[in-house]
Amino acid sequence: MINIFDIDLETFQSQIAQAGHQPFRAKQLWRWLYKEEQTDFELMTDLAKDFRQYLAQHYQVSFPNINFDHTSKDGTRKWLFDMGENNAIETVFIPEKNRGTLCISSQVGCALECTFCSTGRQGFNRNLSQAEIISQLWVANQMLTDHYDSQEHKPVTNVVMMGMGEPLANYDNVVGALKIMLDDKAYGLSRRRVTVSTSGLVPAILKLKNDCPVSLAVSLHAPNNRIRDAIVPINKKYPLNTLFDACHDYLEKAPRDFITFEYVMLRDVNDSDENAMELVNLVKNISCKFNLIPFNPFPKSGYESSNKDRILKFQKILIDHDIVTTIRKTRGDDIDAACGQLAGDVQDRTKRTIRLIQEGKK
Ligand code: SAH
Ligand code: SF4
């Protein structure tokens with residue numbers, strides 16, 4: 001059985017054509033699946049009966065189980081999906097006035113070992129399949145019934161690949177999922193509303209530019225190679241000059257005319273006035289915006305967040321040099337839902353969640 005979430009429209013079209021079915025049926029199915037959120041072939045009323053039978057014999061629509069589904073006081077909602085073998089990934093929905101942003105995961109764990117990241121500390125377990133990536137969006141839209149105003153306006157209007165994992169290290173599956181997000185016959189999101197966040201895998205940035213240029217966020221986190229080598233180890237392979245060349249290159253096709261630089265504020269590590277001035281110099285030739293992220297602590301991290309005044313001062317220096325700089329609001333604090341805050345050991349957490357469910361406490 002093939003999981004339909006794992007294939008793209010063209011592949012599906014040719015598979016059904018080989019079996020003697022009209023290719024336009026593929027588009028009809030896509031509409032049922034992604035626009036109508038219908039997974040039962042029998043209820044896809046305008047599909048011919050023999051085609052529905054063929055589908056039932058060869059295909060299925062399946063997505064991971066949900067271990068945890070919780071809504072924070074501020075409306076942020078978090079799901080924990082079961083990835084088997086006691087692993088889990090997180091998906092977070094952040095409602096705002098005029099949009100709903102879904103933060104989705106791309107891998108179980110991450111191999112890149114950024115020192116301030118709890119995912120990186122856990123090491124790498126496996127890549128998510130295309131189905132496991134797109135399921136996060138499908139399930140969120142389907143479950144956020146309170147946020148629907150019509151079938152045309154789904155609750156999730158923006159997607160950011162800022163959950164667990166490094167999206168560009170799982171390139172094919174991530175790009176497959178991105179294409180479904182952008183496809184008019186599926187979600188039809190504009191490229192401006194879909195963001196890939198990367199710690200700086202230079203060859204993959206250059207490839208993404210041609211394959212699927214969505215909005216790009218780069219986890220910069222340091223104003224020079226010395227600090228970046230220490231906290232974002234991939235910098236030793238792709239240092240700042242190569243990263244910036246790739247960013248310049250990407251801008252030729254980027255849907256927005258700037259790159260977003262993410263910068264986690266780590267007390268006494270990368271947050272001094274001198275660091276801010278170094279940054280001003282570093283980015284002076286590139287069109288960019290900054291998003292300062294207060295560090296989200298987790299046990300035994302060894303780091304502290306810069307305090308509020310320090311972050312504001314850092315921001316002011318950048319703004320005074322004409323760099324648009326925002327500070328990321330922490331949302332969903334009470335449910336550990338802040339982006340990059342996949343705190344603690346996920347395996348333990350999943351087990352804990354399963355135990356609580358079994359004990360009837362969730
Ligand atoms: N792997 C990708 C995307 C996932 S992380 C990347 O690194 O860009 C999303 C963002 O959260 C990244 O900017 C990441 O550096 C940041 N982040 C990770 N751990 C964090 C923490 N403990 N506190 C604040 N931000 C964190
Ligand atoms: Fe991986 Fe991103 Fe965490 Fe670095 S910050 S370890 S790239 S998930």
Side-chain angles (χ1 to χ4, degrees), residues 3-9 12 26-41 43-47 61-66 68-72 74-81 89-106 128-163 167 173-197 212-215 217 255-256 331-332 335 337 339:
N3 187 357
I4 297 204
F5 281 139
D6 263 326
I7 47 180
D8 60 58
L9 185 62
F12 184 64
K27 291 185 189 167
Q28 283 181 308
L29 181 73
W30 248 231
R31 186 180 59 75
W32 275 112
L33 188 58
Y34 295 109
K35 292 212 188 291
E36 305 292 333
E37 291 158 6
Q38 179 57 263
T39 55
D40 185 343
F41 300 136
L43 299 180
M44 300 181 179
T45 40
D46 61 356
L47 299 186
V61 185
S62 64
F63 27 83
N65 288 329
I66 297 168
F68 173 96
D69 171 3
H70 205 82
T71 305
S72 154
D74 67 13
T76 304
R77 184 161 170 181
K78 180 168 91 165
W79 296 271
L80 207 61
F81 287 95
I89 51 125
E90 297 190 347
T91 306
V92 177
F93 177 70
I94 305 146
E96 285 169 290
K97 200 155 172 251
N98 295 318
R99 62 181 177 183
T101 303
L102 194 70
C103 177
I104 68 184
S105 296
S106 56
L128 297 190
S129 65
Q130 175 181 305
E132 289 165 336
I133 298 169
I134 206 68
S135 295
Q136 297 171 62
L137 175 56
W138 194 92
V139 169
N141 270 324
Q142 206 252 347
M143 294 187 76
L144 287 162
T145 40
D146 300 355
H147 295 259
Y148 263 102
D149 52 9
S150 75
Q151 204 60 28
E152 287 305 302
H153 298 101
K154 290 193 184 288
V156 177
T157 61
N158 295 55
V159 174
V160 293
M161 306 252 4
M162 292 185 185
N173 295 340
V174 164
V175 168
L178 291 175
K179 286 187 172 164
I180 295 173
M181 294 175 204
L182 304 183
D183 187 346
D184 278 343
K185 289 168 289 298
Y187 290 105
L189 296 177
S190 96
R191 294 189 292 128
R192 302 168 69 90
R193 289 176 175 272
V194 177
T195 301
V196 164
S197 173
C212 195
V214 291
S215 300
R256 296 172 183 266
R331 299 280 305 255
I335 55 167
C339 261

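What you find for D8 and Q130 is that their closest heavy atoms are N-NE2, 4.3 Å. Listed here is the closest heavy atom pair of M181 and Y187: O-CB, 3.3 Å. In terms of heavy-atom proximity, P167 sits nearest to V174 at O-CG2, 3.4 Å. What you find for W138 and L33 is that their closest heavy atoms are NE1-O, 2.8 Å. When all heavy atoms are compared, the tightest approach of D184 to K35 is O-NZ, 2.9 Å. Of all heavy-atom pairs between G163 and C103, the closest is N-SG, 3.5 Å.
T91 pairs by the side chain to side chain donor-acceptor pair (under 3.5 Å) definition with Q136, not counting sequence neighbours. In this view, D69 and R77 satisfy the salt bridge (Lys or Arg N to Asp or Glu O under 4.0 Å) rule, not counting sequence neighbours.
With hydrogens and angles ignored, the 3.5 Å screen pairs no side-chain donor or acceptor of T39 with any backbone N or O of V61. For T76 (side chain) and S72 (main-chain N/O), no donor-acceptor pair under 3.5 Å exists by modelled atom type. Here the side chain of R256 pairs a donor or acceptor atom with the backbone of R192 at under 3.5 angstrom. With hydrogens and angles disregarded, no donor-acceptor distance shorter than 3.5 Å links the side chain of E36 to the backbone of Q38. Using a distance-only test at 3.5 Å, with no hydrogens or angles considered, a donor-acceptor pair links the side chain of N141 to the main chain of V156. With hydrogens and angles disregarded, no donor-acceptor distance shorter than 3.5 Å links the side chain of S106 to the backbone of L128.
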Next on the checklist: One pair to check against side chain to side chain contact (heavy atoms under 4.5 Å, CB included): L182 and V214. What are the steps and the verdict?
Outcome noted: CA-CA 9 Å; L182 304 183; V214 291; 4.1 Å; yes

Checklist entry - Yes or no on salt bridge (charged side-chain N to carboxylate O under 4.0 Å, His left out) for R31 and D46, after CA distance, side-chain angles and deciding distance? => result CA-CA 11 Å; R31 186 180 59 75; D46 61 356; 3.2 Å; yes

Next on the checklist: Using ring pair (Phe, Tyr, Trp, His ring centres under 6.0 Å), reason through F93 and W79 one step at a time and then give a plain yes or no.
Outcome noted: CA-CA 9 Å; F93 177 70; W79 296 271; 7.1 Å; no

Item to check | Worked verdict on L189 versus V159 for side chain to side chain contact (heavy atoms under 4.5 Å, CB included) | outcome: CA-CA 9 Å; L189 296 177; V159 174; 3.8 Å; yes

Item to check | Evaluation steps, side chain to side chain contact (heavy atoms under 4.5 Å, CB included), between I94 and L102 | outcome: CA-CA 6 Å; I94 305 146; L102 194 70; over 6 Å; no

Next on the checklist: Does E132 form a side chain to side chain contact (heavy atoms under 4.5 Å, CB included) with N173? I'd like the steps, not just the answer.
Outcome noted: CA-CA 9 Å; E132 289 165 336; N173 295 340; over 6 Å; no

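Looking at heavy atoms from C-beta onward, L47 lies in side-chain contact with L29 at the 4.5 angstrom threshold. Contact check for P255 versus S190: no side-chain heavy atoms found under the 4.5 Å cut-off. Side-chain contact between W32 and D40 is absent, with no heavy atoms from C-beta onward closer than 4.5 Å. At a threshold of 4.5 Å between non-hydrogen side-chain atoms, the residues V160 and I104 do not count as touching.
S215 OG to M161 CE: the interatomic distance, rounded to the nearest 0.5 Å, is 13.5 Å. Taking CG of N65 as the reference point, atom CG of L80 lies at 11.5 Å (rounded to 0.5 Å). To the nearest 0.5 Å, atoms OG1 (T195) and CG (N158) are separated by 7.5 Å. For the atom pair F81 CZ and E90 CD, the distance stands at 11.0 Å (nearest 0.5 Å). Rounded to the nearest 0.5 angstrom, M162 CE and S105 OG are separated by 12.5 Å. Distance CZ/F63 to CD1/I134: 13.0 Å, rounded to 0.5 Å.
The aromatic rings of F5 and Y34 are tilted relative to each other, their planes meeting at an angle between 30° and 60°.
Ring to ring, F12 and W30 are close: their centroids are under 6.0 angstrom apart.
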